Amino acid sequence: MELFKYMEQYDYEQLVFCQDEQSGLKAIIAIHDTTLGPALGGTRMWTYENEEAAIEDALRLARGMTYKNAAAGLNLGGGKTVIIGDPRKDKNEEMFRAFGRYIQGLNGRYITAEDVGTTVEDMDIIHDETDFVTGISPAFGSSGNPSPVTAYGVYKGMKAAAKAAFGTDSLEGKTIAVQGVGNVAYNLCRHLHEEGANLIVTDINKQSVERAVADFGARAVDPDDIYSQDCDIYAPCALGATINDSTIKQLKAKVIAGAANNQLKEARHGDQIHEMGIVYAPDYVINAGGVINVADELYGYNADRAMKKVEGIYGNIERVLDISTRDGIPSYLAADRLAEERIARMRRSRSQFLQNGHHILSRR
């Protein structure tokens, strides 16, 4: 892998390799862009096939956080960490304290949070060494479990997408097929049920399905049957890449809006559903409630203020769909354009400020 060539292609700023022999720490911190502010992104711990796969994942995820934070209107850039190891057996206190010291050494350029394979408890240990960490225990002034907040943002974004498709943002009487009923999706189902939506659910975990059926009167279907359901909205809330060659042929929904990451298997699938007239709420815009919530911790967490910002996901989805209509492009590209235009505006503003400062100094 030609690292500098790759970093130059996608305009990455920094790649940091961290190792601690005593604890077994092998971590990679990728900082993509800090135009809007310090890079914020979680720490993922995973058993990667090799070091190159870990590097690629860190880089890809960091760039995704730049777009997510920018589109959410946060004054934050994008970064991500991956720790190579099995989160079930390789964790220890020394590892996360050593990692916290590496974060501290970046002096605020990167702020971490929990991600796949890491927990609130891990963040608490990191917090022993640095303040540049979010998603810590509520006892330290954190926001706690982000799932309900993420779910609320998805709910608001779904209403905005429904308005574009049906002319009203009311979900009463709408049939919504929810794929995956984990923590985020369960809370989403609660909001949908309270508004009077009809729910179809599936999950590989039978207990999660049974809970949704019991609590919300949902109808359960087998995992492979969720795509072909007669429904108004398909809500992917489990694995990524569920919008693909096989599933698109089965979809009857007019809206796709859910909490899962990386919903499009390939970019061309976003083109395809756009051509079919399906309104798609891009994943990193609609599921940004969690990062919006933890970002509020940087100002001294205030739940009311955070939830008000999460409500803004409704307007963000509207803006994405407006750009899609304005420029005649699929909504997944419109989301990228929303983020890129905001970053470009900040770069121009900063450049103008520096130029003006230079002129002032040159006249003295």
Side-chain angles (χ1 to χ4, degrees), residues 3 12-32 34 37-62 64-66 68-69 74 76-147 149 183 290-291 293-301:
L3 278 176
Y12 287 86
E13 294 180 6
Q14 192 172 6
L15 192 62
V16 182
F17 294 87
C18 315
Q19 80 83 29
D20 181 72
E21 184 178 2
Q22 181 175 337
S23 66
L25 174 70
K26 291 182 176 64
I28 301 156
I29 302 172
I31 297 175
H32 176 246
T34 57
L40 173 68
T43 293
R44 177 170 297 192
M45 189 170 184
W46 195 254
T47 51
Y48 290 95
E49 184 177 344
N50 51 51
E51 292 177 4
E52 184 171 300
I55 294 168
E56 288 180 352
D57 202 29
L59 290 166
R60 177 182 61 83
L61 292 167
M65 288 306 301
T66 294
K68 188 170 200 168
N69 293 337
L74 299 174
L76 293 164
K80 206 78 171 188
T81 295
V82 300
I83 295 176
I84 300 172
D86 187 336
R88 295 167 297 181
K89 62 182 183 180
D90 293 334
K91 288 183 180 181
N92 57 70
E93 179 183 357
E94 293 80 8
M95 172 182 288
F96 288 102
R97 291 196 71 138
F99 178 53
R101 291 192 292 272
Y102 278 110
I103 293 175
Q104 182 66 20
L106 291 171
N107 201 31
R109 278 179 54 77
Y110 171 66
I111 303 164
T112 198
E114 63 182 285
D115 201 284
V116 175
T118 61
T119 65
V120 171
E121 291 73 25
D122 299 329
M123 298 304 111
D124 286 347
I125 297 172
I126 293 171
H127 186 237
D128 288 336
E129 300 289 345
T130 183
D131 288 331
F132 302 118
V133 55
T134 59
I136 52 180
S137 296
F140 295 113
S142 174
S143 54
N145 180 7
S147 297
V149 185
N183 290 332
V291 72
N293 192 51
V294 297
D296 194 79
E297 295 176 23
L298 302 174
Y299 305 97
Y301 185 67

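From a predicted model like this one, the values you see are computed outputs, not experimental measurements. The first residue in the sequence is number 1, and the count goes up from there.
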So, for [X] and [Y], which heavy atoms are closest and what is the spacing to 0.1 Å?
X: S147; Y: N183; answer: OG-CB, 3.4 Å
X: S23; Y: N92; answer: O-ND2, 3.0 Å
X: A58; Y: A30; answer: O-CB, 3.5 Å
X: I29; Y: C18; answer: CD1-SG, 3.9 Å
X: I28; Y: A54; answer: CD1-CB, 3.9 Å
X: S143; Y: V294; answer: OG-CG1, 4.2 Å

Would you say that [X] contacts [Y] through its side chain, given a criterion of any heavy-atom pair below 4.5 Å between the two side chains?
X: D57; Y: R60; result: yes
X: T118; Y: T112; result: no
X: W46; Y: V82; result: no

How many angstroms lie between atom [atom1] of [X] and atom [atom2] of [Y], to the nearest 0.5 angstrom?
X: T47; Y: K89; atom1: OG1; atom2: NZ; result: 9.0 Å
X: Y110; Y: H32; atom1: OH; atom2: NE2; result: 15.0 Å
X: E121; Y: S137; atom1: CD; atom2: OG; result: 6.0 Å
X: N293; Y: S142; atom1: CG; atom2: OG; result: 8.0 Å
X: F140; Y: D131; atom1: CZ; atom2: CG; result: 11.0 Å
X: T134; Y: I126; atom1: OG1; atom2: CD1; result: 10.0 Å

Counting only N and O atoms by type, is there a donor-acceptor contact under 3.5 Å from the side chain of [X] to the main-chain atoms of [Y]?
X: E129; Y: F99; result: no
X: Y102; Y: Q19; result: yes
X: E13; Y: T34; result: yes
X: T130; Y: F132; result: yes
X: Y48; Y: I55; result: no
X: T81; Y: T43; result: no
X: N69; Y: L40; result: yes
X: K91; Y: G117; result: yes

- Query: Take atom NZ in K26; do more than 12 heavy atoms of anything else shown fall under 6.0 Å from it?
  - Reply: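 No.
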- Flag yes if more than 12 heavy atoms outside E51 fall under 6.0 Å of its CD atom; otherwise flag no.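 Atom CD in E51 is not crowded, with 12 or fewer foreign heavy atoms closer than 6.0 Å.
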- Query: Given I103 and V133, is the side-chain contact (heavy atoms from CB on, under 4.5 Å) satisfied, shown in steps?
  - Reply: CA-CA 9 Å; I103 293 175; V133 55; 5.8 Å; no
- Partner residues of F17 under the ring-ring contact (aromatic ring centres under 6.0 Å, His included) criterion, sequence neighbours left out: none
- Task: Under the salt bridge (charged side-chain N to carboxylate O under 4.0 Å, His left out) rule, collect the residues that match up with D124, sequence neighbours excluded.
- Result: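 Residues passing salt bridge (charged side-chain N to carboxylate O under 4.0 Å, His left out) with D124: none at all.
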- After noting the C-alpha distance and the side-chain angles of M95 and D20, does the key distance pass the side-chain contact (heavy atoms from CB on, under 4.5 Å) rule? CA-CA 7 Å; M95 172 182 288; D20 181 72; over 6 Å; no
- Task: Among I83, D115, I84, V116, find the one that has a side chain to side chain contact (heavy atoms under 4.5 Å, CB included) with M45.
- Result: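 For M45, the side chain to side chain contact (heavy atoms under 4.5 Å, CB included) test succeeds with only one of I83, D115, I84, V116, which is I83.
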- Message: As a quick check of understanding, evaluate side-chain contact (heavy atoms from CB on, under 4.5 Å) for V291 and L76, giving each step before the final call.
- Response: CA-CA 10 Å; V291 72; L76 293 164; 5.7 Å; no
- Item | Pair T119, D122: side-chain N/O donor-acceptor within cut-off below 3.5 Å |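 Yes - a donor-acceptor pair under 3.5 Å links their side chains.
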- Query: Would R97 and E93 satisfy salt bridge (Lys or Arg N to Asp or Glu O under 4.0 Å), going step by step from the backbone distance to the final call?
  - Reply: CA-CA 6 Å; R97 291 196 71 138; E93 179 183 357; 3.6 Å; yes
